[in-house]
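Working notes, beginning with the structure itself.
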Amino acid sequence: MRLNRLLKYINIAIAVLIVLAAFGIYWIAWRPLPQTSGTIKGGVTQKVTVSFDRLGEPHIAAANQDDLLFAQGYLTAQERMWQMDVLRRLSGGDLSEVFGAVALESDQDMRRLRLRRIAEESYVTLPPQDRAAIAAYARGVNAYLDSHRGRMPLEFTLLRYDPQPWSVVDSILIGLHMFRNLTTTYPDEILKQNMLAGGDPAKVDFLFPVRTGHEVPPGALQPVGAESQPGSNAWAIAGSHTASGKPLVSNDMHLEFSIPGIWYLVHLKCPDLDVAGVSLPGLPGVIVGHNDRVAWGLTNLHYDVQDFYIEKFDDRTGRYEFRGKVMQARAERELIVVKNARPVEMLNWVTIHGPIWAEGKMRLALRWMAAEPANFQFPFLEVNRARNWQEFTRAISRFTGPAQNFVYGDVDGNIGYHAAGKLPIRKGYAGDVPVDGASGNFEWQGVIPFDQLPASFNPSDGLIVTANQNPFPPDYPYAVHGNFASHYRSKQIRDMLSRRSGLRPEDTLAVQKDVYSGFSRYLAQAVVTAFDGRGAPADLAEAVALLRAWNGQMDKSRPEPLIISLAFQHFRKAIAEAASPGKGPIYETQMAPAVIENLLRARPAGWFGDYDAALLRSFSDAIDEGRRMQGRDVKKWIYGKYLELTIEHPIGHRLPLVAKYFDIGPVWMSGSSTSVKQTTPRLGPSMRMNADLGDWDRSLMNLPIGESGHVLSRHYKDQWDAYYNATSFPMQFRKVDVKSVLEFAPQ
């Protein structure tokens with residue numbers, strides 16, 4: 001009897017705990033879920049109808065642009081508010097306020113870059129039509145915040161803070177976040193300076209290939225390009241190659257993995273606008289997609305828009321020299337609020353070139369195009385409305401950056417390409433090394449005019465392919481400097497597209513998931529040739545035999561990709577050691593594949609006494625490392641175990657018992673930095689679009705994870721399986737399979 005009573009009490013206690021747990025989940029995670037049906041009152045002048053499809057994408061129809069963008073702001077906020085808040089905090093240098101001292105270094109970097117100050121200055125000079133559009137979007141975000149106080153997304157509850165109201169400045173900060181992410185080159189410049197200290201200048205220069213626009217001395221090695229990340233692929237195919245007889249436009253932008261992903265699917269419609277694609281949470285409109293006449297995609301241009309200037313600078317007074325005159329730097333004081341700690345004060349000195357950075361005894365000022373006066377503009381709503389090539393190029397002509405390759409197609413059968421963004425004209429050459437700011441000899445001389453940027457319209461072969469490669473011709477009238485990608489991805493894309501006719505979106509999707517690496521195949525054959533020519537140790541024979549028969553596919557289930565990846569890493573270290581002794585481990589730029597191929601093809605004197613012997617030494621070290629990792633039998637090695645991906649939710653990953661519901665992975669990945677499916681443990685395709693201009697509803701679109709940032713939403717991870725297996729989804733446009741309807745109504 002006593003035992004039964006005890007069991008009864010235990011069962012009651014368990015039931016109470018279950019009820020309390022269920023109530024807790026409901027209160028902090030279920031209540032904040034987005035509203036997808038019914039009516040929301042206020043904020044609009046006329047009724048707005050939102051139809052949600054099976055992926056949770058909102059198809060928004062409004063009577064005017066202000067109401068349309070209000071609804072876009074509200075709907076994006078109810079799915080991605082915490083992401084939006086973290087992005088503005090990241091760019092503004094305010095993460096420490098909610099995360100504590102662990103985020104202090106990031107905040108200090110952002111304050112040194114002055115991103116919030118740049119955003120505030122940009123607000124004043126923002127064109128009126130851009131400011132009005134972003135303001136309408138911000139009103140929608142704030143309507144969501146005002147109506148959801150006390151039931152914010154789970155992350156706000158766990159971190160115990162409420163988001164501040166949204167502003168146009170915050171939206172500009174989101175744009176500057178992308179500018180910083182896609183144009184930050186100064187770490188490579190500092191790395192190069194470190195390698196120059198005690199290194200051979202000519203060899204170190206070779207490890208950091210750039211194109212300067214200047215003549216290369218006769219007999220000098222000419223770098224074949226640079227593999228720099230993040231990268232992307234985009235192409236336009238003329239109707240002569242397609243099943244429909246109309247163009248196909250494809251895009252897969254490669255960015256850092258995150259939960260939720262960086263893009264948000266949306267379809268916007270009002271009397272003079274009908275556009276669908278991916279939007280950037282925090283900003284209105286569509287960044288990549290199509291309207292009823294035009295489709296477009298983007299890849300990063302990788303043009304260098306940053307220079308370091310050596311300043312003769314006095315740390316105590318802020319005085320420095322410029323063109324023989326003593327100048328006074330502007331002092332900007334920053335106060336960083338740190339959770340559970342004292343605030344941290346910072347003093348930024350800003351010269352005529354930019355903020356001061358301390359690098360050893362040197363004082364460097366960073367000049368960056370994003371910080372130039374009146375630089376920020378947001379022309380994407382004009383892009384969204386473009387009806388033809390002339391309107392499209394007119395819209396992107398006022399795009400300031402981050403500099404991009406725009407790929408275009410229209411229903412009339414035209415395809416086109418145009419680089420866009422403000423690119424500095426350099427007097428002399430600045431480039432990868434700090435230049436003397438005191439003399440003024442390397443000042444920027446304005447920007448390259450838009451109509452002189454690389455462009456193409458209806459090329460004779462019917463193919464436009466951009467994969468971050470150098471688009472500037474050899475006889476370009478301006479000195480060019482950029483970390484452009486090598487030819488591996490662009491060549492493979494062009495080869496795959498030109499081999500077939502009657503192409504459909506499914507065929508271009510297959511190209512996007514291709515994992516062949518021309519570089520890895522080349523390096524594998526170089527190892528085989530070196531082994532055959534020298535009678536190398538027998539314990540390498542098994543690995544060499546695998547490479548001899550390998551087809552270059554960086555497949556997750558195979559050993560060969562792991563073998564060659566380790567060989568690449570060890571040989572990369574060896575060439576860096578030859579250029580700058582003791583610095584081998586720090587040379588990790590994505591330029592290295594092109595550098596290695598160029599070096600092995602040219603084999604100049606002064607690097608190695610015997611190139612084959614050096615390559616085999618690196619190969620032997622690679623096999624030893626692989627055996628420590630995955631055992632002695634190389635045939636049983638698995639590349640996917642090495643290229644294993646886990647996408648961690650920054651808060652949910654740290655929660656006991658439930659972390660797996662927030663995270664993606666661990667999963668094995670195929671691909672490499674030099675395959676069309678550009679994959680590393682840090683980044684990969686952030687979306688995949690394949691637009692069919694013969695029938696918009698045959699187009700395909702896929703996010704990596706899902707529309708929603710709410711872990712209990714059915715749309716939190718519902719796109720992952722399709723992304724992982726590259727099967728994608730129809731891009732609903734004219735025919736929408738409606739699952740629920742929400743209305744915004746005037747108060």
Side-chain angles (χ1 to χ4, degrees), residues 21 24-34 55-56 76-91 94-103 105-107 144 148 151-163 174 177-178 181 230 254-265 278-282 339 643-669 679-687 702-724:
I25 292 171
Y26 164 78
W27 191 258
I28 68 172
W30 186 264
R31 285 193 318 136
L33 286 178
L55 297 178
T76 308
Q78 74 168 358
E79 295 283 14
R80 302 289 191 91
M81 191 62 237
W82 191 71
Q83 178 188 35
M84 292 164 60
D85 190 63
V86 167
L87 287 177
R88 68 171 164 176
R89 285 182 175 277
L90 170 64
S91 295
D94 295 316
L95 286 176
S96 298
E97 185 177 2
V98 296
F99 286 101
V102 68
E105 184 177 351
S106 171
D107 284 351
Y144 164 78
H148 283 71
R151 53 188 181 106
M152 285 291 162
L154 170 68
E155 294 87 351
F156 291 108
T157 303
L158 294 175
L159 291 172
R160 293 186 293 177
Y161 81 99
D162 285 327
I174 302 298
H177 163 74
M178 297 302 291
N181 196 30
H254 301 163
L255 296 168
E256 290 190 22
F257 290 113
S258 65
I259 293 183
I262 190 63
W263 305 113
Y264 179 70
L265 293 173
V278 295
S279 63
L280 182 60
K339 184 178 182 179
L643 188 60
E644 189 174 80
L645 174 68
T646 299
I647 311 176
E648 298 178 357
H649 187 283
I651 302 301
H653 179 74
R654 291 161 175 77
L655 297 177
L657 303 179
V658 297
K660 65 180 181 180
Y661 299 107
F662 286 86
D663 296 346
I664 295 288
V667 294
W668 295 353
M669 299 295 287
T679 311
T680 76
R682 184 175 63 89
L683 62 80
S686 63
M687 48 75 75
N702 193 188
L703 298 181
I705 302 171
E707 275 282 82
S708 183
H710 296 268
V711 68
L712 293 186
S713 169
R714 70 169 70 92
H715 304 302
Y716 182 68
K717 294 182 182 180
D718 60 337
Q719 298 190 47
W720 171 254
D721 287 344
Y723 172 83
Y724 188 69

Within the distance-only criterion (no hydrogens, no angle test), does the side chain of Tyr723 pair as donor or acceptor with the backbone N or O of Pro685 below 3.5 angstrom? yes
Do Ile651 and Leu154 come within less than 4.5 Å of each other through their side chains, counting heavy atoms only? no
Would you indicate whether the side-chain heavy atoms of Leu645 and Pro681 approach each other to under 4.5 Å? no
Taking all non-hydrogen atoms of both residues, which atom of His653 and which atom of Phe662 are closest, and how far apart? N-CB, 4.5 Å
Can you tell if the side chain of Tyr724 reaches within under 4.5 Å of the side chain of Asp721, non-hydrogen atoms only? no
Euclidean distance, Leu280 CG relative to Arg80 CZ, rounded to 0.5 Å: 10.0 Å
Give a yes or no on whether the backbone of Leu55 and the side-chain of His715 come within a donor-acceptor separation of less than 3.5 Å. yes
Using every non-hydrogen atom in the two residues, find where Pro704 and Ser686 come nearest and quote the distance to one decimal. CD-O, 3.1 Å
Atom OH of Tyr661 with >12 non-hydrogen neighbours under 6.0 angstrom: no
Please check if the side chain of His710 supplies one atom and the backbone of Gln78 the other of a donor-acceptor pair under 3.5 Å. yes
Under a 4.5 Å cut-off applied to non-hydrogen side-chain atoms, are Trp720 and Asn702 in contact? no
Should Phe99 and Leu159 count as side-chain neighbours, where that means a heavy-atom distance under 4.5 Å? yes
Which value, rounded to the nearest 0.5 Å, describes the distance between Ile647 atom CD1 and Lys717 atom NZ? 9.5 Å
Looking at CE of Met687 and CD1 of Ile262, how far apart are the two atoms once the value is rounded to the nearest 0.5 Å? 12.5 Å
Given 3.5 Å as the limit, does a donor-acceptor pair link the side chain of Arg160 with the main chain of Phe156, or not? no
Min side-chain heavy-atom separation Ile174-Met84 under 4.5 Å: no
Quick one: do His649 and Glu155 satisfy side-chain hydrogen bond (donor to acceptor under 3.5 Å, both in side chains)? Show the steps, please. CA-CA 10 Å; His649 187 283; Glu155 294 87 351; 2.8 Å; yes
Counting N and O atoms only, with roles assigned by atom type, does the side chain of Glu256 sit under 3.5 Å from a partner on the main chain of Leu683, one being a donor and the other an acceptor? no
Please determine if Asp663 and Lys660 form a salt bridge, counting it only when a charged side-chain N lies under 4.0 Å from a carboxylate O. no
Quick check for you: to the nearest 0.5 Å, what is the distance between Leu643 atom CG and Thr680 atom OG1? 7.5 Å
Val86 vs Val98 side-chain heavy atoms within contact, under 4.5 Å: no
Ignoring hydrogens and geometry, is there a side-chain-to-backbone donor-acceptor pair from Ser258 to Pro260 under 3.5 Å? yes
Are side-chain heavy atoms of Lys339 and Ser96 found at a separation under 4.5 Å? no
Let's go through Gln719 and Ile705 carefully: what are the C-alpha distance in whole Å and the side-chain angles of both, what is the deciding distance for side chain to side chain contact (heavy atoms under 4.5 Å, CB included) to 0.1 Å, and is it a yes or a no? CA-CA 5 Å; Gln719 298 190 47; Ile705 302 171; over 6 Å; no
So does Tyr264 get a backbone contact from the side chain of Ser279, meaning a donor-acceptor N/O pair under 3.5 Å? yes
Ionic contact status for Asp85 with Arg89, cut-off 4.0 Å: yes
With distance as the sole test, does Gln83 use its side chain to make a donor-acceptor pair with the main-chain N or O of Gly261 at under 3.5 Å? yes
Any side-chain to backbone donor/acceptor pair from Glu707 onto Leu265? Under 3.5 Å, distance only. yes
